Amino acid sequence: MPDAFASRFAAVRSQWGPLVWGLDPSGPLLNTWGLGDTADGLDHFADIVLEAAAGTVGLVKPQSAFYERHGWRGTQTLARVLAGARSAGMLAILDVKRGDFELANDAYAEAFLGAGAPLEADAVTVHPYLGLAAMGGFVSRAHKAGACLLVVTRSSNPEGRAVQATRDEHGHSVEEILLASVGELNTVLAPGSIGPVGAVIGATALEPPLDLAAANAMFLAPGVGAQGAGSADVARTFAACPDRVMPSASRSLLSAGPGVSALRDAVAALATEFRTALS
């Protein structure tokens with residue numbers, strides 16, 4: 001069996017720090033960079049960010065929507081970004097936020113996880129609205145592939161609170177139940193260690209705090225930079241498990257482009273800041 005995602009993350013973290021660079025080529029960004037909001041512009045974007053990322057950061061996270069909007073050529077570029085990042089020694093987190101009934105989830109898992117998957121990634125994001133129990137195909141394939149399944153649990157967007165903070169008749173919130181379920185899966189799949197099922201937890205501390213350490217999980221922490229959170233927020237939110245958090249920034253870093261050197265400098269500076277804050 002391949003090395004677990006948590007072990008591979010620890011290796012890249014020790015070399016480049018825990019920062020995840022979000023590679024999100026929105027239409028306005030492509031135009032601002034002077035590339036044009038076209039499939040050709042997207043291809044050029046991919047060339048730039050892959051060059052800037054190599055040897056600068058240990059993890060990248062393309063948001064698939066920004067690639068899929070360009071049709072088959074966009075999907076082709078996404079595949080190239082994933083493969084290029086992984087061949088350069090980075091971990092690639094594919095931000096797809098899929099979630100469906102069991103058979104559809106099995107098909108999604110085949111698309112994204114495991115050797116030979118057409119859009120092979122080291123980790124993927126999913127949403128559990130149809131039930132975490134329907135994610136069996138994702139969970140088993142992530143476990144076998146040494147990958148990570150990142151379940152949206154407490155997101156960084158304020159609109160999510162209406163659902164995630166809702167409580168059942170016993171007083172337990174949706175996000176608390178999800179996190180406990182993640183922990184139960186990891187206890188079965190990786191007893192005594194960090195399991196293949198992780199969670200997406202917004203970088204800014206919210207009340208009530210969640211028992212993150214007990215889940216034996218990896219955490220993706222969006223909301224850094226343009227959404228207002230900084231390294232101190234991440235350190236405070238994940239104080240109980242700082243070695244397991246992957247803080248993610250996209251727009252604030254991409255604003256330094258399109259020059260490769262300027263992008264490298266911006267990414268390296270934030271990576272150093274998080275290495276210090278989460279040491």
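Everything quoted here is computed from the prediction, not taken from an experiment.
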query: Between Val174 and Leu130, is there a shared hydrophobic cluster once you connect ILVMFWY residues whose side-chain heavy atoms come closer than 4.5 Å?
result: no

- request: Would you indicate whether the side-chain heavy atoms of Thr166 and Ser173 approach each other to under 4.5 Å?
  value: no

- request: Please round to the nearest 0.5 Å and tell me the distance separating atom CZ of Arg98 and atom CG of Asn105.
  value: 11.0 Å

message: Does any part of the side chain of Asp95, heavy atoms only, come nearer than 4.5 Å to the side chain of Lys97, both counted from C-beta?
response: yes

query: Sub-3.5 Å donor-acceptor pair from the side chain of Ser7 to the main-chain atoms of Asp3, do we have one?
result: no

- request: May I have the step-by-step check of side-chain contact (heavy atoms from CB on, under 4.5 Å) for Thr75 and Tyr67, ending in yes or no?
  value: CA-CA 6 Å; Thr75 302; Tyr67 299 80; over 6 Å; no

field: Residue pair Val200, Arg154: steps toward the side-chain contact (heavy atoms from CB on, under 4.5 Å) verdict
entry: CA-CA 6 Å; Val200 179; Arg154 175 179 274 183; over 6 Å; no

query: Is a salt bridge present between Asp106 and Arg141, judged by a nitrogen-to-oxygen distance below 4.0 Å?
result: no

field: Distance in Å, Leu29 CG paired with Asp37 CG, rounded so as to fall on 0.5 Å steps
entry: 10.0 Å

message: Let me check something: do Ile93 and Met90 share a hydrophobic cluster, defined by ILVMFWY side-chain heavy atoms less than 4.5 Å apart, either directly or through other members?
response: no

- request: Provide the closest heavy-atom pair for Ala123 versus Leu150 in the form atom of the first, atom of the second, distance.
  value: CB-CD1, 4.1 Å

- prompt: If you round to the nearest 0.5 Å, how far is OG1 of Thr56 from CH2 of Trp16?
  reply: 9.0 Å

- request: Taking Arg264 for its side chain and Gly55 for its backbone only, find out whether a donor-acceptor pair lies under 3.5 Å.
  value: no

message: Could you see if Val124 belongs to whatever hydrophobic cluster contains Leu119? Use Ile, Leu, Val, Met, Phe, Trp, Tyr and a side-chain cutoff under 4.5 Å.
response: yes

- request: Check whether any side-chain heavy atom of Leu212 lies under 4.5 Å from a side-chain heavy atom of Leu179, and answer yes or no.
  value: yes

message: Please report the interatomic distance CG(Leu42) to CG(Leu35), rounded to the nearest 0.5 Å.
response: 9.5 Å

Any donor-acceptor pair under 3.5 Å from Arg13 side chain to Arg244 backbone: no

task: Report whether Phe274 and Leu263 are members of the same hydrophobic cluster (ILVMFWY, side-chain heavy atoms less than 4.5 Å apart, transitive linking).
output: yes

- prompt: Quick one: are Val49 and Trp21 in side-chain contact, heavy atoms under 4.5 Å?
  reply: yes

- line: In short, Arg80 meets Asp47 closest at the heavy-atom pair NH1-OD1, 2.9 Å

message: Applying side-chain hydrogen bond (donor to acceptor under 3.5 Å, both in side chains) to Ser155 and Gln164, what does each step give before you reach the verdict?
response: CA-CA 8 Å; Ser155 59; Gln164 296 155 15; 2.9 Å; yes

task: Measure across Thr153 and Ala199 and return the closest heavy-atom pair with its distance rounded to 0.1 Å.
output: OG1-CB, 3.5 Å

message: Do Gln63 and Leu94 have side chains that approach each other closer than 4.5 Å (heavy atoms only, starting at C-beta)?
response: no

- prompt: Relative to each other, are the rings of His172 and His170 parallel, tilted or perpendicular (30° and 60° limits)?
  reply: tilted

query: Does the side chain of Ser250 come within less than 4.5 Å of Leu254's, by heavy atoms?
result: yes

Criterion side-chain contact (heavy atoms from CB on, under 4.5 Å) on Asp243 and Phe238, from CA distance to verdict: CA-CA 9 Å; Asp243 58 330; Phe238 297 90; over 6 Å; no

query: Under a 4.5 Å cut-off applied to non-hydrogen side-chain atoms, are Glu120 and Leu113 in contact?
result: no

task: Report yes if some heavy atom in the side chain of Phe219 is under 4.5 Å from a heavy atom in the side chain of Met246; otherwise report no.
output: no

- prompt: Do Leu19 and Val12 sit in the same hydrophobic cluster, where Ile, Leu, Val, Met, Phe, Trp and Tyr count as joined when their side-chain heavy atoms come under 4.5 Å apart?
  reply: no

Nearest non-hydrogen partners of Ala190 and Gly195, listed with the distance: CB-CA, 3.7 Å

task: Step by step, work out the side-chain contact (heavy atoms from CB on, under 4.5 Å) result for Glu102 and Met135.
output: CA-CA 6 Å; Glu102 190 170 3; Met135 296 281 174; over 6 Å; no

Please tabulate, for side-chain N and O atoms in residues 224-234, each donor-acceptor pair with protein atoms closer than 3.5 Å (sequence neighbours left out).
{"residue": "Gln227", "atom": "OE1", "partner": "Ser156", "partner atom": "OG", "Å": "3.4"}
{"residue": "Gln227", "atom": "OE1", "partner": "Gly223", "partner atom": "N", "Å": "3.4"}
{"residue": "Gln227", "atom": "NE2", "partner": "Ser156", "partner atom": "OG", "Å": "3.2"}
{"residue": "Ser231", "atom": "OG", "partner": "Glu273", "partner atom": "OE2", "Å": "2.8"}
{"residue": "Asp233", "atom": "OD1", "partner": "Arg236", "partner atom": "NH2", "Å": "2.9"}
{"residue": "Asp233", "atom": "OD2", "partner": "Gly230", "partner atom": "N", "Å": "2.8"}

statement: Rounded to the nearest 0.5 angstrom, the CG-CG distance for Leu132 and Leu185 is 5.5 Å

- prompt: When rounded to the nearest 0.5 angstrom, what is the spacing between SG in Cys148 and CG in Leu91?
  reply: 10.0 Å

message: Quick test of your reading of the model: are Glu175 and Arg161 salt-bridged, counting only N-O distances below 4.0 Å?
response: yes

- prompt: Can you name the closest pair of heavy atoms from Ala46 and Val81 and give their distance?
  reply: CB-CG2, 3.6 Å

- prompt: What are the two closest non-hydrogen atoms of Pro208 and Arg167, and how far apart are they?
  reply: CG-NH2, 3.5 Å

- prompt: When you check the gap from the basic side-chain N to the acidic O, do Asp122 and Arg8 get nearer than 4.0 Å?
  reply: yes

